[in-house]
Amino acid sequence: MTPTPATSPTLRTERLVLDRYTPEDEEDFVALFQDTRVSRWMGDGPASEAEDRALFGRVFTLVYPQERFDVWAVRRDGRLVGHAEIKRTEQVGGHEIIYALAPEAWGLGLGRELARAIVSYGFDTLGLAEVHATVAAPNTASLAVLDRLGFAHVRDITEEDGSTTRVLTCAQKPADSAAGATSAAPAPRRPAMRQPTQPE
């Protein structure tokens, strides 16, 4: 019997499956990160194809083997349609959720479904009292999604280029449950993929 990994266990929502990346996901991962409609909101913005391939490689050489943090491929009907993480970052002084969806998955309510799954995992599996997100101020669609999930704006960060990043926090409530996701069993730089992206 294959043991359950300590990080990145499979999560399921109504329409999405979050599971570990496999080497066969490389081309879809690179395509997601090379799409400037997605990468413009992630970390330092678009990177070269070589950098994104190196980032994918570090998932297998560093992140999973050393159990550094949780990182998932996001699938719908068996196809990779997004990326998700939760990890501790110095920028927020706690655990930050990070996610992205391909444009084909926009406008379907999947952004909220995905974010809720990661938040539920943080509360119910990691036992966190609060989770955080950082979003570029112009990314109003993601700000609206997180607002509906109960995130509150706590402060702003002025980036080196003069742009503004909003820091948001969602606190655990006594009645919170894992309704948004269930577990199937009990990067490196460049993720500074700090801004959750895309509309619902």
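- Residues passing the side-chain contact (heavy atoms from CB on, under 4.5 Å) test with D77, sequence neighbours excluded: none.
- Linking Ile, Leu, Val, Met, Phe, Trp and Tyr residues whenever their side-chain heavy atoms come within less than 4.5 Å leaves V17 and V81 in two separate clusters.
- Ring orientation note: the planes of F29 and Y21 are nearly perpendicular, at an angle over 60° on the 30°/60° scale.
- Rounding to the nearest 0.5 angstrom, the gap separating the OH atom in Y121 from the CG atom in L126 is 4.5 Å.
- A pairwise comparison of heavy atoms in L143 and A137 identifies CD1-O, 3.6 Å as the closest pair.
- The closest side-chain heavy-atom distance from V59 to Y64 is below 4.5 Å.
- At a threshold of 4.5 Å between side-chain heavy atoms, the hydrophobic network of Ile, Leu, Val, Met, Phe, Trp and Tyr places L146 and V167 in two separate groups.
- Inter-residue side-chain proximity for L11 and T125 is flagged as unmet; no heavy-atom pair is nearer than 4.5 Å.
- Proximity of a side-chain donor or acceptor of E113 to a complementary backbone N or O of T13 within less than 3.5 Å is not detected.
- Checked by atom type, the side-chain pair Q91/T89 shows no donor-acceptor distance below 3.5 Å.
- Of the options F33, Y99, W72, a ring-ring contact (aromatic ring centres under 6.0 Å, His included) to H83 is made by F33 and by none of the others.
- A donor atom on one side chain and an acceptor atom on the other are not found under 3.5 Å apart for T7 and R68.
- Between D35 and P103 there is a side-chain heavy-atom pair separated by less than 4.5 Å.
- Comment: E130 does not engage K173 in a salt bridge, judged by the lack of any side-chain N to carboxylate O separation of less than 4.0 angstrom.
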